[in-house]
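Just below is one structure, and these are the notes that go with it.
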Amino acid sequence: MSQFRAVIQSVGHALPKKVVTNDDLSKIVDTNDEWIAQRTGIRQRRVCEGDEGTYSLAVEAARQALTNSGLSAADIDMVVVGTVSGDYFWPSTACHVQDQLGIKDAGAFDVSAACAGFIYSLANATAMIESGAAKNIIVVGVDCLTKQVDWTDRSTCVLFGDAAGAVVVSARENTDRGVQKTVMLSDGSGSAYICMEMGGTKFRPGRPESEGRTYGIQMAGAEVYRFAVHAMGDACVRVLEQAGVKPEEVDLFVPHQANLRIIDSAAKRLELPPEKVFINVDKYGNTSGGSIPLALYEAVESGRLKPGMLVLTVGFGAGLVWGANLIRW
Ligand code: UT7
């Protein structure tokens, strides 16, 4: 068994420039600031315009994380990107990041785990580092779901925003820092609760069999809500149990930012006080794969996350998938 730990060296992020408030949305669908804020905690979100998109956000976040790590492109031997909204169906967003950052002699691949994309990607990176297969990995979480959303559907279009976050993870020996434990879980029987029917090979635009199918995110909100409340608690309890850590030992809880009520219920289950719970859903909405690494970036920048702290990250999303990473920062 190797002694390598997967230690996070640095963070980066990228956000589109355009801010869309709840009041802005009330001009295009039948909604209002009060409903959105009360049900979700969201007050505004960032939305890609023009050339901005998943590729550009991923590259910017990855470049920032690489610069902040003090490493060079030549040191990176793997790029992993958690996303379900690449500019193209294929090739991968990871290959674009690899190319744009001038990374050579490295692997690159995307991980499809929706809003748990960063959790799954970091878990993969950790396994590669602990096995000795890679030394320095850029892990990106990114999504641009505002380009997939149906802007006439008020029950979904108010929820999402665009963002990317990235970390550089490196192999380190003789340290208690690094990813302590990860859990990854799934239940494909709930795949219809949140999905994109069009865009794959089954329902292609313009084909007769696609008649009546809409392009855009389909979501059964109440079912996803029930699943999310269960999934957050489940993943956290499992990862803490596996690590032999009590909830009160967690210094900072960084959950997927989908809905303030879902975050509150998870924090309540773990009996975590508000000062240990990181929240930015009010500013960005649900940024899917970008959500957790963006929150980690902001937690570091604001001084709430410091080396040595124990941070619990948890995500859930389409698949259905859920999971958690417990990290000694
Ligand atoms: O990463 C995974 C992504 N997805 C999620 O995390 C979503 C999880 N689900 C949720 O967060 C919540 O279910 C929602 C925020 C989507 C909805 O909240 P809710 O409290 O479950 O509301 P609801 O769906 O039960 O709808 C209540 C009412 C309905 O009207 P009626 O039928 O009671 O007259 C909706 O039509 O609110 C209406 N409604 C809206 N009203 C104003 C739905 N969307 C809106 C809206 N503005 N944007």
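What you are looking at is a predicted structure, and each value in this text was computed from that prediction instead of being measured.
- Judged by the 6.0 Å distance and 45° axis criteria, Lys147 is not positioned over the aromatic ring of Phe160.
- A salt bridge links Arg207 to Glu209: one of the charged nitrogens lies within less than 4.0 Å of a carboxylate oxygen.
- Judged purely by atom type and a 3.5 angstrom limit, Gln98 uses its side chain to pair as donor or acceptor with the backbone of Ile103.
- Checking side-chain atoms of Thr175 against main-chain N and O of Arg172 turns up no donor-acceptor pair under 3.5 Å.
- The two residues Ile42 and Asn286 have their closest heavy-atom pair at CD1-N, 4.3 Å.
- Arg46 CZ to Thr146 OG1: the interatomic distance, rounded to the nearest 0.5 Å, is 12.5 Å.
- Lys268 has no carboxylate O lying under 4.0 Å from a charged side-chain N of Asp264, or vice versa, which leaves the two without a salt bridge.
- With hydrogens and angles disregarded, a donor-acceptor distance shorter than 3.5 Å links the side chain of Lys276 to the backbone of Glu248.
- For Ser288 and Asp143, the side-chain atoms include at least one donor-acceptor pair closer than 3.5 Å.
- The shortest heavy-atom contact between Ile129 and Ser170 is CD1-C, 3.9 Å.
- For the side-chain contact (heavy atoms from CB on, under 4.5 Å) test with Leu312, the passing option among Asp251, Leu270, Val254, Val245 is Leu270; the others fail.
- From Thr126, atom OG1 reaches atom NZ of Lys181 across 11.5 Å, with rounding to the nearest 0.5 Å.
- A donor-acceptor distance shorter than 3.5 angstrom exists from the side chain of Asp110 to the backbone of Thr93, with no hydrogens or angles considered.
- Results of the ring-ring contact (aromatic ring centres under 6.0 Å, His included) test with Trp322 over Phe316, Phe227, Tyr120 single out Phe227 as the only residue that passes.
- Taking the charged nitrogens against the carboxylate oxygens, Glu52 and Lys17 do have a contact shorter than 4.0 Å, which makes a salt bridge.
- For the residue pair Asn68 and Arg63, no side-chain donor N or O sits within less than 3.5 Å of a side-chain acceptor on the partner.
- Between Glu298 and Arg304 there is no salt bridge, since none of the side-chain N atoms of the basic residue sits less than 4.0 Å from a carboxylate O of the acidic one.
- Within the cation-pi definition used here (under 6.0 Å to the ring centroid, within 45° of the axis), Arg213 qualifies as a partner of Phe203.
- Nearest heavy-atom pair across Ser210 and Pro205 is OG-N, 4.4 Å.
- Other residues, nucleotides and ligands contribute only 12 or fewer heavy atoms inside 6.0 Å of the OH atom of Tyr193.
- Annotation: the span from Asp75 atom CG to Gln9 atom CD amounts to 11.0 Å, rounded to 0.5 Å.
- A distance-only check finds a donor-acceptor pair linking the side chain of Arg261 to the backbone of Arg39 [under 3.5 Å].
- The hydrophobic cluster containing Val300 also contains Ile292, counting ILVMFWY residues as joined when their side-chain heavy atoms lie under 4.5 angstrom apart, directly or transitively.
- Residues Val281 and Thr40 have side chains not in contact (no heavy-atom distance under 4.5 Å, counting atoms from C-beta outward).
- The shortest heavy-atom contact between Leu145 and Asp162 is N-OD1, 3.2 Å.
- Counting heavy atoms from C-beta outward, Thr54 and Leu57 have side chains that stay 4.5 Å or more apart.
- The distance from the OG1 atom of Thr313 to the CG atom of Leu122 is 7.0 Å, given to the nearest 0.5 Å.
- Side-chain atoms of Arg177 do not come within 3.5 Å of backbone N or O of Arg328 as any donor-acceptor pair.
- Proximity of a side-chain donor or acceptor of Asp150 to a complementary backbone N or O of Ile217 within less than 3.5 Å is not detected.
- The closest donor-acceptor contact from the side chain of Asp24 to the backbone of Thr21 lies under 3.5 Å.
- Nearest approach of Met219 to Val224, heavy atoms of both residues: CG-CG2, 3.8 Å.
- A salt bridge links Asp33 to Arg43: at least one charged side-chain nitrogen sits closer than 4.0 Å to a carboxylate oxygen.
- Scanning all heavy atoms of the two residues, the minimum distance from Met78 to Ala108 falls at SD-N, 4.1 Å.
- Put simply, CG on Leu101 and OG1 on Thr67 are 8.0 Å apart, with the number rounded to the nearest 0.5 Å.
- Other residues, nucleotides and ligands place more than 12 heavy atoms under 6.0 Å from the CD atom of Glu275.
- Ring geometry for Tyr297 against His13 counts as parallel: the plane angle stays under 30°, on a 0 to 90° scale with 60° as the upper cut.
- With hydrogens and angles left out, the side-chain atoms of Ser26 and Asn32 include no donor and acceptor closer than 3.5 Å.
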